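Worksheet: the structure to be examined is printed underneath.
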Amino acid sequence: MSDVELFCEKSFSGADQEIVDRFVEFQNALIEADTEKLDEILSDDFRLTQAPNRSQDKGEFVSEIDDGSMDFSKSDIMDPTILFDDESASMISKVRLTAKVYGRELRWISNTVANFRKTDGIWQVVGWDS
């Protein structure tokens, strides 16, 4: 059983489904602390924004996953909406995350925007505003 669940009444197909599947894959890689998979999913210019004054680049983010500073255990994705613009896309959703962050057990719901870019036919996450 996956620790990533999608709660949504609408169904997706085509490119919409690809984006949802890629975000689920991203969340699974976080939970599994699979840094090789994260390296594949995240673009080199990836940026995580956690708060107005807190952001990380790909290297910082993956390093904190790898060393256990951020240890995700559950992700619930609720009612995603997908928007497209040429070779880029955004997924807007509420995401309920459960994690141990810097030693503190946390569970929170974030208004998430995940930005994607298609490179060589593969969707990569270029930004996650959580």
Side-chain angles (χ1 to χ4, degrees):
M1 182 176 153
S2 173
D3 289 316
V4 178
E5 291 190 57
L6 178 64
F7 296 93
C8 185
E9 292 184 13
K10 59 187 166 191
S11 60
F12 298 99
S13 62
D16 288 357
Q17 186 66 55
E18 290 176 24
I19 294 297
V20 170
D21 289 347
R22 194 62 161 169
F23 190 75
V24 168
E25 189 176 16
F26 168 46
Q27 297 296 286
N28 271 317
L30 288 177
I31 291 167
E32 295 168 5
D34 186 340
T35 56
E36 287 182 29
K37 190 64 161 176
L38 287 170
D39 189 53
E40 170 196 317
I41 292 170
L42 305 176
S43 67
D44 289 340
D45 60 345
F46 169 82
R47 193 109 193 109
L48 168 68
T49 304
Q50 296 171 310
N53 297 323
R54 173 96 166 109
S55 69
Q56 294 178 303
D57 65 22
K58 178 181 178 176
E60 294 166 325
F61 179 60
V62 172
S63 176
E64 288 194 348
I65 299 298
D66 191 40
D67 73 13
S69 295
M70 290 196 289
D71 183 12
F72 292 86
S73 58
K74 181 85 173 115
S75 174
D76 297 326
I77 305 161
M78 298 170 273
D79 296 316
T81 298
I82 315 299
L83 306 171
F84 289 93
D85 183 22
D86 296 324
E87 292 296 306
S88 64
S90 295
M91 187 191 88
I92 301 163
S93 178
K94 289 194 180 297
V95 177
R96 181 174 38 235
L97 294 163
T98 305
K100 185 181 278 189
V101 180
Y102 311 116
R104 292 181 52 212
E105 295 277 344
L106 301 171
R107 186 172 187 199
W108 71 98
I109 296 176
S110 73
N111 293 315
T112 289
V113 177
N115 296 305
F116 298 81
R117 180 176 53 231
K118 200 168 203 177
T119 305
D120 297 327
I122 297 170
W123 288 106
Q124 286 189 302
V125 180
V126 295
W128 184 26
D129 185 348
S130 167

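Note that the coordinates shown come from a computational prediction; the quantities given were computed from them, not determined experimentally.
- Between Trp128 and Phe72, the angle of the ring planes lies from 30° to 60°, which puts this pair in the tilted group.
- The distance from atom OG of Ser55 to atom CD of Glu60, rounded to the nearest 0.5 Å, is 7.5 Å.
- Shortest non-hydrogen contact noted between Asn115 and Ser90 is OD1-OG, 2.6 Å.
- Within the model, atoms CE of Met91 and CZ of Arg22 stand 13.5 Å from one another, a figure rounded to the nearest 0.5 Å.
- Scanning all heavy atoms of the two residues, the minimum distance from Asp67 to Glu64 falls at OD1-O, 3.1 Å.
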task: Check the pair Phe23, Ile19 against side-chain contact (heavy atoms from CB on, under 4.5 Å), reporting the backbone distance first and the verdict last.
output: CA-CA 6 Å; Phe23 190 75; Ile19 294 297; 5.6 Å; no
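- Taking hydrophobic clusters as Ile, Leu, Val, Met, Phe, Trp and Tyr residues chained together by side-chain heavy-atom distances below 4.5 Å, Val95 does not share a cluster with Ile92.
- Linking Ile, Leu, Val, Met, Phe, Trp and Tyr residues whenever their side-chain heavy atoms come within less than 4.5 Å leaves Ile109 and Leu6 in two separate clusters.
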message: Evaluate Glu32 against Lys37 for side-chain contact (heavy atoms from CB on, under 4.5 Å), listing each step before the verdict.
response: CA-CA 10 Å; Glu32 295 168 5; Lys37 190 64 161 176; over 6 Å; no
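- Separating the CD1 atom in Ile31 from the OG atom in Ser73 is a distance of 7.0 Å, to the nearest 0.5 Å.
- Ser110 approaches Thr112 most closely through the heavy-atom pair OG-OG1, 2.8 Å.
- The CG atom of Leu106 sits 9.5 Å away from atom OG1 of Thr98, with the distance rounded to the nearest 0.5 Å.
- For the pair Asp57 and Arg47, the tightest heavy-atom approach, listed with the atom from each and the gap, is N-NH1, 2.9 Å.
- Tracing side-chain contacts under 4.5 Å through hydrophobic residues (I, L, V, M, F, W, Y), one never reaches Val126 starting from Phe26; they form parts of separate clusters.
- Residues Phe84 and Val113 are members of separate hydrophobic clusters, defined by side-chain heavy-atom contacts under 4.5 angstrom among Ile, Leu, Val, Met, Phe, Trp and Tyr.
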message: Pair Leu38, Phe46 - check side-chain contact (heavy atoms from CB on, under 4.5 Å), show working.
response: CA-CA 11 Å; Leu38 287 170; Phe46 169 82; over 6 Å; no
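- Here Asp45 pairs with Arg117 in a salt bridge; the nearest charged N to carboxylate O distance falls below 4.0 Å.
- No donor-acceptor distance shorter than 3.5 angstrom exists from the side chain of Lys100 to the backbone of Gly68, with no hydrogens or angles considered.
- Among Gln27, Lys74, Arg96, the single residue meeting the side-chain hydrogen bond (donor to acceptor under 3.5 Å, both in side chains) criterion with Glu5 is Lys74.
- A donor-acceptor pair is defined here as one N or O able to donate and one able to accept, closer than 3.5 Å; such a pair exists between the side chain of Ser93 and the backbone of Met78.
- For the pair Lys58 (side chain) and Asp39 (backbone), a donor-acceptor distance under 3.5 Å is present.
- Ile65 and Tyr102 fall within a single hydrophobic cluster, where Ile, Leu, Val, Met, Phe, Trp and Tyr are joined by side-chain heavy atoms under 4.5 Å apart, directly or via other members.
- At distances below 3.5 Å, at least one donor-acceptor pair connects side-chain atoms of Gln124 with backbone N or O atoms of Glu40.
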task: Apply side-chain contact (heavy atoms from CB on, under 4.5 Å) to Glu25 and Val125, showing your working.
output: CA-CA 11 Å; Glu25 189 176 16; Val125 180; over 6 Å; no
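- The CZ atom of Phe116 sits 14.5 Å away from atom CD of Glu87, with the distance rounded to the nearest 0.5 Å.
- Heavy-atom neighbours of Arg104 CZ from other residues, nucleotides or ligands within 6.0 Å: at or below the threshold of 12.
- The shortest heavy-atom contact between Asp79 and Cys8 is OD1-CA, 3.6 Å.
- Between atom CG of residue Leu42 and atom OG1 of residue Thr35 there is a gap of 10.5 Å, rounded to the nearest 0.5 Å.
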